[in-house]
Number of protein chains: 2
Amino acid sequence: MSTTKFSRQRESIKEYLRNTKEHPTADTIYMKIREKYPNISLGTVYRNLNLLVEHGEIIKLSTGNGSDRFDGNAAPHYHFICTECSAVEDLEIPEEVFDQLNELAGKGFSGKIEGSSTFFYGKCKNCLS
Amino acid sequence: MSTTKFSRQRESIKEYLRNTKEHPTADTIYMKIREKYPNISLGTVYRNLNLLVEHGEIIKLSTGNGSDRFDGNAAPHYHFICTECSAVEDLEIPEEVFDQLNELAGKGFSGKIEGSSTFFYGKCKNCLS
DNA sequence: TGGTAGCTTGATAATGGTTACTATTATCGG
DNA sequence: CCGATAATAGTAACCATTATCAAGCTACCA
């Protein structure tokens with residue numbers, strides 16, 4: 001089996017994601033990390049993002065429109081996507097709401113529901129004006 | 001402005017989607033329609049699927065894993081995705097749950113929430129055994 | 001009917017996001 | 001410091017989807 005070795009590139013990606021409220025795409029992350037490591041490769045960014053997702057250190061958001069986005073906050077929480085500017089924001093919703101939802105969904109269903117993923121859509125504060 | 005003209009290819013796609021409980025990908029639809037129209041082009045399938053989505057006659061499901069899927073049932077309802085075999089199934093959840101969820105999400109949020117999209121994950125009946 | 005404006009098609013090229021490949025470089029336990 | 005092997009940069013390949021365009025259909029009206 002394979003162990004995971006340290007890499008400064010991966011550390012840099014983790015640090016950037018931990019310190020931003022935005023939900024950047026792989027390409028945005030690539031641009032950012034290049035400021036510090038000018039020859040980092042886009043493939044390296046993707047490889048490390050997937051590694052971090054597998055390790056449960058970050059979350060991948062597949063919004064369906066365009067590129068995936070990444071969230072350095074791995075704790076379960078919910079997201080809003082602006083239909084006008086595509087910005088992604090965190091939402092404050094009590095966690096038990098989703099347990100209830102999952103339970104509700106399981107009624108009359110013959111398989112086993114283990115989780116769910118929700119995106120909320122609308123207009124963000126900026127785009128409302 | 002542009003009017004929409006009849007096309008037998010589009011009718012065939014609509015008919016197929018109306019009569020299946022599966023949630024096929026564009027490619028699966030392409031394969032199916034080819035049985036009747038052997039020289040239909042994949043581009044034609046995509047173009048018509050997008051048209052039908054715009055007209056609100058079908059629904060596009062961007063699951064995040066692989067290709068988008070399409071649903072001939074345009075009425076709002078929820079979906080379950082098997083994490084093992086990727087099958088997509090319909091779920092029976094009362095519609096007002098949507099509204100409650102969206103309202104809940106809007107509390108303490110400075111933008112305007114207009115809708116949401118949820119996917120439930122787990123193991124389907126077949127994959128449980 | 002026949003003509004015609006312009007929507008639709010099939011074929012294929014192009015695009016965009018992501019992953020795979022490979023020679024070289026970095027990490028780390030001994 | 002060595003050696004094994006994971007990680008990297010650079011680049012090609014991949015896949016789903018969209019764009020392009022000449023030729024074919026549809027709808028509508030004379």
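By convention in this document, chain letters (A, B, ...) are assigned in the order of the sequence lines, proteins followed by strands, and residues within each chain are numbered from 1.
Aromatic ring centres of B:Phe120 and B:Tyr78: separated by under 6.0 Å.
Here the C1' atom of nucleotide D:dA16 and the CG atom of A:Asn65 are 15 Å apart, to the nearest Å. Across the protein-nucleic acid pair, B:Glu11 atom CD and D:dA27 atom C1' stand 15 Å apart, rounded to whole Å. One can place NE2 of B:His55 at 13 Å from P of C:dC7, the figure rounded to the nearest angstrom. Rounded to whole Å, atom P of D:dT8 lies 10 Å from atom CZ of A:Phe6. One can place CG of A:Leu51 at 12 Å from P of C:dT19, the figure rounded to the nearest angstrom. Taking atom CG on B:Asn48 and atom C1' on D:dT18, their separation rounds to 14 Å, with Å as the unit.
No salt bridge links B:Glu11 with B:Arg8; every basic N to acidic carboxylate O contact stays at or beyond 4.0 Å.
Not one N or O on the side chain of B:Arg69 forms a donor-acceptor pair closer than 3.5 Å with the backbone of B:Glu22. The backbone N or O of A:Asn126 sits less than 3.5 Å from a side-chain atom of A:Ser129, completing a donor-acceptor pair. The main-chain N or O of B:Gly122 is found under 3.5 Å from a side-chain atom of B:Thr83 such that the two form a donor-acceptor pair.
A cation-pi arrangement is present between B:Arg34 and B:Tyr30, with the terminal nitrogen or guanidinium carbon under 6.0 Å from the aromatic centre and inside a 45° cone about the axis.
At D:dA7, one or more side-chain N or O atoms of A:Arg10 fall inside 4.0 Å of OP1 or OP2 (strictly under the cut-off). Side-chain N/O atoms of B:Ser7 include none lying less than 4.0 angstrom from OP1 or OP2 on C:dT8. Contact check, B:Gln9 against C:dG10: a side-chain N or O comes under 4.0 Å of OP1 or OP2.
Using a 4.0 Å cut-off on heavy atoms, the residues of residues 22-45 of chain A that approach DNA chain D are A:Asn39, A:Ile40, A:Ser41, A:Thr44, listed by number.
Among the heavy atoms of the strands lying under 4.0 Å from A:Tyr46 is at least one base atom, whether or not backbone atoms are also near. Residue A:Arg47 is classed as a base contact, given a heavy-atom separation below 4.0 Å to a base.
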